Amino acid sequence: MEQLRKNIWQESCSIWLGTEFILKRNIDKYPFSEKMSPEQKNTTHALLKEALLKLSLLKNPLYFSLNELGASHRELWQERFLSTLPHIENDQGIVIDDTGNFSALIHPEDHLHLYLMSSSNPSTTAWKDLLNIENELTSLIRFAFHPQFGYLTADPKMAGTALVARGFLHLPALIQGKHLETLIEMLPEDVIIYGLGEEKEFIGDLVVIENRFKIGINEETILQVLLETIKNVVEKEKSMREKMKQELPSEMVDKISRAHGLLCFCHQLKTEEALKNVSLAHLGGKLEWIKDVPEHFFSSLFFQLRRGYLLSSGENITKLDEARSRIIRSLYEKSSLAV
Amino acid sequence: MNQRPIECTNCQKKASIIYKEIQQGKVETFQMCRDCPCLMQKLSKKEDDTQKSSLKCPLCKTSYDQNVNLGCPECYTAFQDSVTKRLKEEGAIPMVFDPSCIQMDPILLHVGRAPLDVENTTPIPKKLENLHIALTEALASENYEQAALLRDKIKTLMERNHGAA
């Protein structure tokens with residue numbers, strides 16, 4: 001699973017961290033996963049596995065059964081693709097390749113979900129890459145399609161393009177400056193916005209913007225609207241940062257200074273607390289309130305501080321909070337407050 | 001002491017019907033007037049629900065239920081109208097494709113990609129007709145980005161149609 005530990009974050013933009021495309025497909029003439037008999041599950045599983053491993057566009061594809069995958073590797077997969085793996089049942093599996101940013105999930109609620117994560121933006125190239133993979137698969141497998149409803153999925157709300165396109169944005173100035181509500185109001189109706197925590201919880205000030213409609217709209221429009229929205233939000237975050245830099249609001253200075261202190265001297269940090277403070281300190285670096293913060297590291301850290309990554313690095317499960325704070329302390333060792 | 005006449009729960013007219021609804025063992029009672037629109041709505045919903053619950057997919061035998069996933073691709077054909085209604089009710093279709101705005105045969109809700117063989121076998125005039133409807137709707141709702149894309153799609157199809165002729 002070394003592929004999933006690769007640092008795919010190129011960090012060309014410290015606000016727009018990455019984009020992910022998910023395509024959902026079902027094999028024609030077979031019931032959806034939940035309604036399948038064990039024999040049908042075995043047949044379709046074998047069919048999909050064989051086809052995926054045959055794809056020339058994947059670099060050294062590898063298959064893992066979810067049954068055999070250890071807890072830390074399951075977590076690592078979830079952290080990489082920022083998605084939830086289904087509850088373990090028989091006949092579910094994943095395929096990954098050497099790039100570390102592609103994965104296929106066999107037999108969640110649909111027969112197949114294809115994932116492609118990209119950190120280089122704009123991400124139209126990543127979408128084309130995923131489309132090429134799907135096209136190659138189509139030459140081997142016939143997917144369920146209906147002229148009125150498009151590509152068919154178990155959940156009818158996902159049918160049509162059966163495409164989920166999501167952008168991951170780091171918006172500390174808008175969130176900590178309490179401007180998120182205003183931002184949500186100005187977003188077009190074609191997108192939804194959420195965080196990675198519970199409802200309305202934006203852990204590490206990370207915001208996900210996703211296409212609302214999967215049907216009644218084509219793939220190009222989905223992409224165009226999403227990318228346009230992301231660009232607008234990035235501009236809003238930039239201008240909010242600029243405003244903060246000029247006005248030096250004492251509440252923000254206090255928050256960032258405290259976060260910096262905590263990161264420099266911590267010995268035990270839980271994931272959520274770590275991400276919250278790393279996010280603030282990263283903003284501090286961008287506002288030049290903290291000196292000598294590594295230029296681009298938030299998106300890498302966002303991944304490397306999490307449970308699955310630390311466990312797969314061989315860290316002791318009982319000492320993860322210590323390991324996390326050790327990494328952070330070493331990164332902030334040379335930094336100092338400038339306000 | 002004069003007793004106040006019982007009023008309709010919803011519109012305050014004189015009530016003449018007692019409507020009881022039993023859900024999960026809980027009884028809810030409504031006093032309603034004879035012409036109450038809420039009564040009509042409740043009765044038609046009941047009828048609708050009964051019809052829906054009797055719908056079964058001929059292939060996987062799944063009964064239609066608004067709140068659960070479908071059973072197989074054939075369910076989409078078996079429950080075509082109910083699925084379209086569900087998508088509309090749950091706000092899963094953009095406004096330009098709101099089926100209530102288009103009183104005609106089931107419109108093609110899907111305007112995205114299709115497998116190559118399907119793309120090549122769906123009759124072009126039918127596709128063009130649906131795209132023109134979508135274009136009119138997009139323009140009416142001032143969704144010019146969608147309209148531009150639909151126009152491009154129409155242009156490509158017309159060129160292909162012309163080429164085939």
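As the structure is a computational prediction, the values presented were derived from the model and not from experiment. Every chain is numbered from 1, with letters handed out A, B, ... down the list of sequences.
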Closest non-hydrogen atom pair, [X] against [Y]:
| X | Y | value |
| --- | --- | --- |
| B:Cys72 | A:Tyr30 | CB-O, 4.4 Å |
| A:Gly216 | B:Val111 | C-CG2, 3.7 Å |
| B:Leu109 | A:Phe149 | CD1-CE2, 3.9 Å |
| A:Ile215 | B:Pro94 | O-CD, 3.1 Å |

Would you compute the distance between atom [atom1] of [X] and atom [atom2] of [Y] and round it to the nearest 0.5 angstrom?
| X | Y | atom1 | atom2 | answer |
| --- | --- | --- | --- | --- |
| B:Leu59 | A:Lys35 | CG | NZ | 12.0 Å |
| A:Glu34 | B:Leu70 | CD | CG | 10.0 Å |
| B:Glu74 | A:Leu152 | CD | CG | 10.0 Å |

- prompt: Do the non-hydrogen side-chain atoms of A:Thr161 and B:His110 ever get within less than 4.5 Å of each other?
  reply: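 In contact.
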query: Are B:Thr84 and A:Gln148 close enough that some pair of their side-chain heavy atoms sits under 4.5 Å apart?
result: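 With C-beta onward as the side chain, the pair touches.
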task: Could you tell me whether a side-chain N or O of A:Tyr151 sits under 3.5 Å from a main-chain N or O of B:Arg113, the two making a donor and an acceptor?
output: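 It does not hold such a pair.
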Tell me, side chain or backbone of [X] under 4.5 Å from chain B's heavy atoms, or both, or neither?
| X | result |
| --- | --- |
| A:Ser33 | neither |
| A:Asn26 | neither |
| A:Asn135 | side chain |

With A:Tyr115 via ring-ring contact (aromatic ring centres under 6.0 Å, His included) - residues at least two apart: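 A:Tyr115 satisfies ring-ring contact (aromatic ring centres under 6.0 Å, His included) with A:Trp77, A:Phe81 only.
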- prompt: When heavy-atom pairs shorter than 4.5 Å are enumerated against chain B, which of A:Gly150, A:Pro156, A:Pro31, A:Gly160 gives the highest number?
  reply: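 When all of A:Gly150, A:Pro156, A:Pro31, A:Gly160 are compared, A:Pro156 has the most.
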Exercise answer: donor-acceptor pairs, residues 220-230 of chain A side-chain atoms, under 3.5 Å, sequence neighbours excluded:
residue: A:Thr221; atom: OG1; partner: A:Asn218; partner atom: OD1; Å: 2.5
residue: A:Thr229; atom: OG1; partner: A:Val225; partner atom: O; Å: 2.6

query: Heavy-atom distance under 4.5 Å to chain A: side chain of B:Leu87, backbone, both or neither?
result: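 Side chain of B:Leu87 only, per the 4.5 Å heavy-atom cut-off to chain A.
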- request: Look at the rings of A:Phe32 and B:Tyr76 and say which category their plane angle falls in: under 30° parallel, 30 to 60° tilted, over 60° perpendicular.
  value: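 The arrangement is perpendicular - the two ring planes meet at more than 60°.
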